[in-house]
Amino acid sequence: MEMNTCTILWNSKRSSDPKKVSITESIQGANNAVKWVDSCEACLEDGKKPCNKCNHEVNEVQFEVKNEINDGDTHASDANSSFLQSVVNMIGMLIGLGQLSTSYALENGGWISSFLLLALGIACAYTSHLLGKCLENNKKARNYTDIGHHAFGSRGRAIAATFIYLEIFMALVSYTISLHDNLKMVFFGTNVQFSWVHHLSTSQVLTVFAVLVALPSLWLRDLASISFLSTSGIIMSLMIFVTVACTAVFGGVTANHTIPALRLRNIPHISGLYVFSYGGHIVFPDIHRAMKDPSKFTKVSIVSFTFVTSLYASLAFMGAKLFGPEVNPQITLSMPRGLVFTKIALWATVLTPMTKYALEFAPIAIELEHRFLYSMKSRTKTIIRGTIGSILLLLILVLALSVPYFQYVLGLTGSLVSVAIVLIFPSVFYIKIFWNQISKPILALNVFLIAIGCLLAISGTISSMKLLVENFVRLH
């Protein structure tokens, strides 16, 4: 994820012509607002009119499916994202929390590990292309879980959804750890104590307040407001890169550290950090559906991943050369204190998680409403959705304060969950759907990606879990 800027917009109106129905979608410029519209399995498989369950909010969610008589093309007639807009949206999905750890990963893996970063970028661009192919094969498929259902039925949908929600949860824990760590630097030297929370440190108290400030965003039903948060998150992520670059040029720090060639024993752990940096596949289907010309989706993937991989590699080498073995798992925490660039970077990193909570929870909220709360009144749904979101966020806060190891939690998320979403599942889905059409070289390539993904998942999960447990035991 990165699953960090996903917004679900529901709109459209019924067509009076039964032969012309279309799904209205739009993604605006740099605003990474993508629309998730779900349907039950019966509707997806049979292409019927929405059943009573799917049609429970006619005024809020109305389906317009364009039924071309000649070729059966169901591409949204109002899809209006240009090539450039689609590139911006995909880049916005990819750039996020993972960029903070690339310098740490390169320093600990050695400069040769940059080839792993490059290889994963190429592989993830290819699996993005595979998702596009799967969508073209089944015009009724609307999102990542629909592709899983098309490949393996209900079991495929359930497995894909489980991994998606697990990634969202673990990513939010990492965001909250990052919030805590950077707040500690922003208010370094400040002492805040309350008698009723005397066992909490100043940074922990500040983190609790920050999460409570962000908590009301989970109750928002005005999705335009969530879209605004999406744009803010993208700007903050880009600002972090710019400030690190300015520190290298104007900050008075000499980039004279030598990067080791290879530290093989660290590769399993840092592979999870690299994989997490490319997480964004769960909303690529939405970007595909919103394009004016979906046939250019592969080119969008190539341009986006080329830009992001170049940015990650540049930031990784820049940070490793600037700070060497002392580089922090979050590059912002290694920047010299007192510099205006450092203050900007720290505040940008603090504000980024606060813009992510509502965005990351949105897919869960929509699924919750659509699957379980569809027969309830709007106010009741809002209360239940907001209450569940608040409880989850408070649970995430407790975990983040209890396990304050950013790099290990992030690495575990990448190895345990993200590698399946960005490498393994797309290849498995593609093989299953195109089994009768796929050539032997392409089959071999996808089997190779599945094998590499499984290897990275197993070795990375074991390594990150071991490091996490060791440090947790040491702390307590």
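Just so you know, these numbers use all the heavy atoms, side chains as well, and skip hydrogens, waters and symmetry mates. In this chain, residues are counted from 1 in sequence order.
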query: Between Y357 and T176, does any side-chain donor sit less than 3.5 Å from a side-chain acceptor?
result: yes

query: Regarding S101 and Q407, is there a side-chain donor-to-acceptor distance under 3.5 Å anywhere?
result: no

message: I need the minimum non-hydrogen distance between N446 and L130, along with the two atoms involved.
response: OD1-CD1, 3.0 Å

message: Could you check whether any side-chain heavy atom of M185 comes within less than 4.5 Å of a side-chain heavy atom of R337, counting everything from C-beta outward?
response: yes

message: Could you report the tightest heavy-atom contact between S113 and L106, atom names first, then the distance?
response: OG-CD1, 3.7 Å

- prompt: Which heavy atom in H269 sits nearest to a heavy atom in S463, and how many Å separate them?
  reply: CB-OG, 3.5 Å

Backbone of G98 reached by a side-chain donor or acceptor of T102 within 3.5 Å: no

statement: One should read off an interatomic distance between F187 CZ and L346 CG, to the nearest 0.5 angstrom, of 11.0 Å

Point-to-point distance, once rounded to the nearest 0.5 Å, from CD1 of I235 to CG of L351: 11.5 Å

message: Donor-acceptor check, side chain of N143 to backbone of D146, threshold 3.5 angstrom: yes or no?
response: yes

query: After noting the C-alpha distance and the side-chain angles of L131 and Y430, does the key distance pass the side chain to side chain contact (heavy atoms under 4.5 Å, CB included) rule?
result: CA-CA 8 Å; L131 291 178; Y430 181 78; over 6 Å; no

query: When V244 is tested against each of L315, L100, V249, T342 for side chain to side chain contact (heavy atoms under 4.5 Å, CB included), which residue passes?
result: L315

query: Step by step, would you call F83 with V303 a side chain to side chain contact (heavy atoms under 4.5 Å, CB included)?
result: CA-CA 10 Å; F83 179 87; V303 173; 4.0 Å; yes

query: Has the side chain of Y405 got a donor or acceptor atom that lies under 3.5 Å from a matching backbone atom of N471?
result: yes

task: Using a 4.5 Å cut-off on heavy atoms from C-beta on, say whether the side chain of T247 contacts that of P336.
output: yes

message: Within the 4.5 Å heavy-atom criterion, are S301 and M90 side-chain neighbours or not?
response: yes

message: For the backbone of N108 and the side chain of N266, can you confirm whether one donor and one acceptor N or O come within less than 3.5 Å of each other?
response: yes

message: Are the side chains of F317 and S103 in contact, using a 4.5 Å heavy-atom criterion?
response: no

message: Quick check against the 3.5 Å criterion: does E167 have a side-chain atom that pairs as donor or acceptor with the backbone of I164?
response: no

query: Is there a donor-acceptor pair under 3.5 Å between the side chain of S415 and the backbone N or O of L412?
result: no

message: Less than 4.5 Å apart, side chain to side chain, heavy atoms only: is that true for Y408 and V403?
response: no

- prompt: If we only count heavy atoms from C-beta on, is the T352 to L97 side-chain gap below 4.5 Å?
  reply: no

task: Mind running side chain to side chain contact (heavy atoms under 4.5 Å, CB included) on I95 and F241 for me, showing each step along the way?
output: CA-CA 10 Å; I95 295 178; F241 175 81; over 6 Å; no

- request: Indicate the atoms forming the closest heavy-atom contact of P285 with I147, along with that distance.
  value: CG-CD1, 4.2 Å

- request: Would you indicate whether the side-chain heavy atoms of F305 and I122 approach each other to under 4.5 Å?
  value: no

- prompt: Of all residues at least two apart in sequence or in a different chain, which pass the side-chain hydrogen bond (donor to acceptor under 3.5 Å, both in side chains) check with T243?
  reply: none

task: Look only at the side chain of R263 and the backbone of E107, and say whether a donor-acceptor pair between them is shorter than 3.5 Å.
output: yes

- prompt: How many angstroms lie between atom OG1 of T461 and atom CG of L456, to the nearest 0.5 angstrom?
  reply: 10.0 Å

query: Are the side chains of V417 and Y165 in touch, meaning some heavy atoms are under 4.5 Å apart?
result: no

message: Donor-acceptor check, side chain of S128 to backbone of C124, threshold 3.5 angstrom: yes or no?
response: no

message: Is the ring pair F297/F284 parallel, tilted or perpendicular, if the boundaries are 30 and 60 degrees?
response: perpendicular

- prompt: Are H281 and T127 linked by a side-chain donor-acceptor pair shorter than 3.5 Å?
  reply: yes

query: With no hydrogens and no angle check, is any side-chain donor or acceptor of K321 less than 3.5 Å from a backbone partner on H257?
result: yes

field: Partner residues of T349 under the side-chain hydrogen bond (donor to acceptor under 3.5 Å, both in side chains) criterion, sequence neighbours left out
entry: none

task: Would you check if the distance from the ring center of Y312 to the ring center of Y278 is below 6.0 Å?
output: yes

message: With side-chain hydrogen bond (donor to acceptor under 3.5 Å, both in side chains) as the criterion, how do T298 and H129 come out once you've worked through the C-alpha distance, each side chain's angles and the decisive distance to 0.1 Å?
response: CA-CA 5 Å; T298 298; H129 159 74; 2.7 Å; yes

field: Interatomic spacing from CD1 in I388 to CG in L393 - rounded to 0.5 Å
entry: 13.5 Å

query: Got a second to check how far L172's CG is from S178's OG, nearest 0.5 Å?
result: 12.0 Å

- prompt: For the ring pair F163 and F425, is the centre-to-centre distance below 6.0 Å?
  reply: yes

- prompt: Where do I331 and G319 come nearest, in terms of heavy atoms and distance?
  reply: CD1-CA, 3.8 Å

query: Could you go step by step and tell me if H180 and F406 meet the ring pair (Phe, Tyr, Trp, His ring centres under 6.0 Å) rule?
result: CA-CA 10 Å; H180 168 261; F406 175 82; over 10 Å; no

message: Please check this pair: side chain of R142 against backbone of D286, looking for a donor-acceptor N/O pair closer than 3.5 Å.
response: no

task: Could you check L212 against L397 for side chain to side chain contact (heavy atoms under 4.5 Å, CB included), going step by step and ending with a plain yes or no?
output: CA-CA 10 Å; L212 291 177; L397 173 62; over 6 Å; no

message: If I compare all heavy atoms of S427 with all of I450, which pair ends up nearest, and what's the gap?
response: CB-CG1, 3.6 Å

query: Between atom NZ of K299 and atom CE of M291, what is the distance when rounded to the nearest 0.5 Å?
result: 10.0 Å

